[in-house]
Amino acid sequence: MKELTKAEEQVMQVLWKLKKAFVKDIIDHLPLKDGKPLAYNTVSTIIRILEKKKFVGYKAYGKTHEYYPLVDKSNYSNFYLNSFIGRYFGGSFEKMVSFFVKQNNVDLNNFEELMKYAEEHEVSSQGEKSK
């Protein structure tokens, strides 16, 4: 799986929310840029890139296409988070949590919840590896 650009991710967020959509529908749900919606051709180009990356499929109705996600949001989120932790924290969830705690962005209760989640996730992923 490849990481998405900011623009690609914005389009995917809309598709994950809507489940399926035409380019016009996607444009209607994207944030405005300089007070204006993105151009149809711009969004269409982003969609074609997402098709090549195998993130988006479509159903054709003549010349019109209805797009839908091929990758689940949770699968991409997991991939992205693991990639982020790998790049910035040496693959250590604990180092990431420690960083945010030190920056005062996470209080002690949230820290304990995160550590509990990490321990559960570590146990479940080790179980999957041994299968």
Side-chain angles (χ1 to χ4, degrees):
M1 186 177 301
K2 294 182 179 182
E3 247 180 73
L4 300 175
T5 65
K6 183 178 177 181
E8 291 166 352
E9 190 173 331
Q10 285 180 328
V11 169
M12 285 306 300
Q13 292 291 348
V14 171
L15 281 174
W16 284 322
K17 179 181 175 185
L18 299 177
K19 309 285 191 247
K20 56 185 177 177
F22 297 97
V23 172
K24 180 187 171 302
D25 302 324
I26 295 168
I27 292 169
D28 290 344
H29 285 84
L30 288 172
L32 301 177
K33 184 175 180 181
D34 299 326
K36 299 177 185 175
L38 285 176
Y40 185 95
N41 288 342
T42 301
V43 176
S44 183
T45 298
I46 294 168
I47 290 284
R48 277 185 260 128
I49 292 167
L50 289 167
E51 281 181 71
K52 287 179 186 172
K53 289 184 174 183
K54 308 260 190 260
F55 273 79
V56 172
Y58 68 88
K59 183 174 181 181
Y61 299 96
K63 291 183 179 182
T64 304
H65 294 83
E66 183 178 44
Y67 299 96
Y68 54 89
L70 294 174
V71 174
D72 286 339
K73 184 177 183 178
S74 61
N75 288 345
Y76 182 73
S77 297
N78 188 42
F79 161 78
Y80 184 83
L81 184 59
N82 285 329
S83 177
F84 173 80
I85 292 170
R87 283 192 315 269
Y88 293 100
F89 302 100
S92 170
F93 183 78
E94 289 81 2
K95 286 181 185 176
M96 182 190 74
V97 171
S98 176
F99 171 81
F100 285 109
V101 169
K102 287 176 185 173
Q103 297 298 315
N104 297 318
N105 292 333
V106 176
D107 68 28
L108 191 55
N109 290 334
N110 289 340
F111 176 76
E112 289 172 1
E113 288 177 32
L114 285 170
M115 292 310 295
K116 182 179 176 186
Y117 172 79
E119 289 169 4
E120 290 171 359
H121 182 68
E122 185 176 23
V123 169
S124 66
S125 64
Q126 286 176 355
E128 290 174 9
K129 289 177 187 174
S130 65
K131 288 181 183 177

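Here the structure is a predicted model, which means the values were calculated and not measured.
- Nearest heavy atom pair, residue I26 against residue A21, reads CG1-CB, 3.9 Å.
- Both Y40 and L30 sit in one connected hydrophobic cluster of ILVMFWY residues. Membership requires side-chain heavy atoms under 4.5 Å apart, directly or through other members.
- Hydrophobic clustering (side-chain heavy atoms under 4.5 Å, transitive across Ile, Leu, Val, Met, Phe, Trp, Tyr) groups Y58 together with L15.
- The hydrophobic clustering, which links ILVMFWY residues whose side-chain heavy atoms are closer than 4.5 Å, places L18 and L70 apart.
- Atom CZ in F79 sits 14.0 Å away from atom OG in S74 (nearest 0.5 Å).
- Clustering ILVMFWY residues whenever any of their side-chain heavy atoms sit less than 4.5 angstrom apart, transitively, puts V14 in a cluster other than the one holding Y68.
- With V23 as the fixed residue, the side-chain contact (heavy atoms from CB on, under 4.5 Å) test singles out one of D28, V43, T64: V43.
- Results of the side-chain contact (heavy atoms from CB on, under 4.5 Å) test with L4 over V71, L50, V11 single out L50 as the only residue that passes.
- Pairs passing the salt bridge (charged side-chain N to carboxylate O under 4.0 Å, His left out) check and including a residue from residues 44-69, sequence neighbours excluded, read E8-K53.
- Shown here for K19 and P69, the closest heavy-atom pair between the two residues is O-CD, 3.1 Å.
- Taking NZ of K95 as the reference point, atom CZ of F89 lies at 10.0 Å (rounded to 0.5 Å).
- Residue S44 holds its OG atom at 5.0 Å from OH of Y67, rounded to the nearest 0.5 Å.
- The aromatic ring centres of Y76 and F55 sit less than 6.0 Å apart.
- Atom NE2 of H29 and atom CD of Q10 lie 14.0 Å apart (nearest 0.5 Å).
- The heavy-atom pair separating A7 from I46 by the smallest distance is CB-CD1, 3.8 Å.
- Looking at every heavy atom in both residues, P37 comes nearest to I27 through CB-CG2, 3.9 Å.
- D25 places a side-chain N or O within 3.5 Å of a backbone atom of F22 that can act as its donor or acceptor partner.
- One finds the CE atom of M12 at 8.0 Å from the CD1 atom of I47 (value rounded to the nearest 0.5 Å).
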Exercise. Between E3 and Y80, is a side-chain contact (heavy atoms from CB on, under 4.5 Å) present by the stated rule, with each step listed?
Worked result: CA-CA 7 Å; E3 247 180 73; Y80 184 83; 3.5 Å; yes
